[in-house]
Amino acid sequence: MNVKEELQKLNVGGEEFQLNCIAVNPKTIRAVMINEIVPANAADDFYGGTEAAYLSTTIPLFQKAGIQVNSIQDILDRGVYITNAVKMPKTESTIAKESIAKSLPYLERELSLFPNVKVIMLMGDVAKKAFNMISRKETGKNAVPGLSTYKLRSSAIFYNGIRIIPSYIMTGRNLLIEKSKFEMASEDIAAMYKLISK
């Protein structure tokens, strides 16, 4: 299954969405990691190529978590699919709620493509907001409490039987500087991998 081809069937009006053009066996995916937003240059996204900027922090996070990967294909082969909550690059310094809402149909459809998911990781506040928008639409309430990520990390949060792990943003050069967030995100990835490896 090509993810982009599946998502293009939605045909949500007029916007230029960046969708993951990657072939995946949906039954092998046991975890989905939702990052915040696509980069301005599609070549920098997770599936943009070996030199993709997003991989420059993602691969070290997995390695720090004790998961030996060297490419996005290695990550997929371990049953982990990575995507972005917002499918259009940001035009301002912050990500508007409207941008999240416009991309939401794609994210919802994307999550529905993987029937064997045990864990969804929310990598950053935008991912958390997007997921709560999905859960409010379905249940009328937030799946993830409105507490800081630091307080939520040790909580066992479930949504429709899937473990939800709120964590920190996984992209951007600042992540390699902010050692504590890098450390905590890698610990969360290790916890996720342990859950899907059972």
Side-chain angles (χ1 to χ4, degrees), residues 3-4 7 10 12-21 31-48 51-61 72 81-111 119-153 155 157 159 164-189 192:
V3 174
K4 183 175 183 175
L7 297 183
L10 283 178
V12 176
E15 302 288 344
E16 283 297 318
F17 294 101
Q18 287 181 25
L19 307 172
N20 293 333
C21 189
V32 175
M33 297 174 73
I34 304 173
N35 184 54
E36 295 200 329
I37 190 166
V38 296
N41 181 351
D44 286 331
D45 210 345
F46 299 104
Y47 306 98
E51 301 300 314
Y54 276 13
L55 292 179
S56 69
T57 51
T58 301
I59 289 172
L61 277 170
I72 191 64
Y81 174 77
I82 305 175
T83 193
N84 296 291
V86 179
K87 312 295 187 188
M88 300 171 292
K90 64 181 171 183
T91 55
E92 299 170 24
S93 58
T94 58
I95 301 167
K97 191 176 178 182
E98 295 75 31
S99 294
I100 301 171
K102 282 181 185 176
S103 297
L104 215 57
Y106 288 104
L107 181 60
E108 285 181 276
R109 175 73 181 122
E110 204 168 12
L111 292 174
V119 179
I120 295 174
M121 292 194 72
L122 306 174
M123 309 305 290
D125 289 341
V126 172
K128 192 164 71 173
K129 282 179 194 168
F131 195 79
N132 275 339
M133 287 168 79
I134 292 170
S135 72
R136 276 197 307 276
K137 201 166 109 179
E138 285 187 24
T139 67
K141 58 184 181 181
N142 289 342
V144 182
L147 301 171
S148 68
T149 300
Y150 184 78
K151 292 178 180 175
L152 291 171
R153 287 179 66 234
S155 305
I157 301 167
Y159 181 75
I164 308 300
I165 301 178
S167 190
Y168 296 96
I169 192 162
M170 61 195 291
T171 55
R173 291 191 183 109
N174 287 348
L175 183 62
L176 297 174
I177 298 164
E178 295 182 66
K179 298 294 184 194
S180 63
K181 284 189 179 177
F182 184 88
E183 190 75 31
M184 288 185 282
S186 66
E187 286 169 7
D188 295 338
I189 291 169
M192 170 273 290

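The figures that follow rest on heavy atoms only: side chains count, while hydrogens, waters and symmetry mates do not.
A salt bridge is absent between Glu16 and Lys87: the closest approach of a Lys/Arg side-chain nitrogen to an acidic carboxylate oxygen does not fall below 4.0 angstrom. With salt bridges taken as basic N to acidic carboxylate O contacts below 4.0 Å, none links Glu36 and Lys129.
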Inset, instruction - Step by step, work out the side chain to side chain contact (heavy atoms under 4.5 Å, CB included) result for Leu122 and Ile120. - result: CA-CA 7 Å; Leu122 306 174; Ile120 295 174; 3.9 Å; yes
Inset, instruction - With side chain to side chain contact (heavy atoms under 4.5 Å, CB included) as the test, would you mind laying out the steps for Ile82 and Tyr47 before giving the verdict? - result: CA-CA 9 Å; Ile82 305 175; Tyr47 306 98; 4.0 Å; yes
Inset, instruction - Under the side chain to side chain contact (heavy atoms under 4.5 Å, CB included) rule, what do Val32 and Leu111 come out as? Steps first, then yes or no, please. - result: CA-CA 8 Å; Val32 175; Leu111 292 174; 3.8 Å; yes
Legend entry - Criterion side chain to side chain contact (heavy atoms under 4.5 Å, CB included) on Leu19 and Phe17, from CA distance to verdict: CA-CA 6 Å; Leu19 307 172; Phe17 294 101; 4.0 Å; yes
Inset, instruction - Run the numbers on Tyr168 and Phe182 for ring pair (Phe, Tyr, Trp, His ring centres under 6.0 Å), then give the verdict. - result: CA-CA 8 Å; Tyr168 296 96; Phe182 184 88; over 10 Å; no
Inset, instruction - Before giving the answer on side chain to side chain donor-acceptor pair (under 3.5 Å), spell out for Asn35 and Thr83 the whole-Å C-alpha distance, their side-chain angles and the decisive distance to 0.1 Å. - result: CA-CA 6 Å; Asn35 184 54; Thr83 193; over 6 Å; no
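Between Ser167 and Met121 the shortest heavy-atom distance is CB-CE, 4.1 Å. Closest of all the heavy-atom pairs between Asn84 and Leu107 is O-CD1, 4.3 Å. Considering all non-hydrogen atoms of both residues, Pro145 and Leu152 come closest at O-CD1, 3.5 Å. Heavy atoms only, all atoms of each residue included: Ile37 and Pro89 are closest at CD1-C, 4.0 Å. In terms of heavy atoms, Ala185 sits closest to Leu61 at CB-CD2, 3.8 Å. Ser56 approaches Pro60 most closely through the heavy-atom pair O-CG, 3.2 Å.
Within the 3.5 Å criterion, the main-chain N or O of Val86 finds no donor-acceptor partner in the side chain of Ser103. Judged by distance alone, the side chain of Thr171 and the main-chain N or O of Tyr54 form no donor-acceptor pair under 3.5 Å.
With a 4.5 Å cut-off on side-chain heavy atoms, Lys137 and Met133 do not count as touching.
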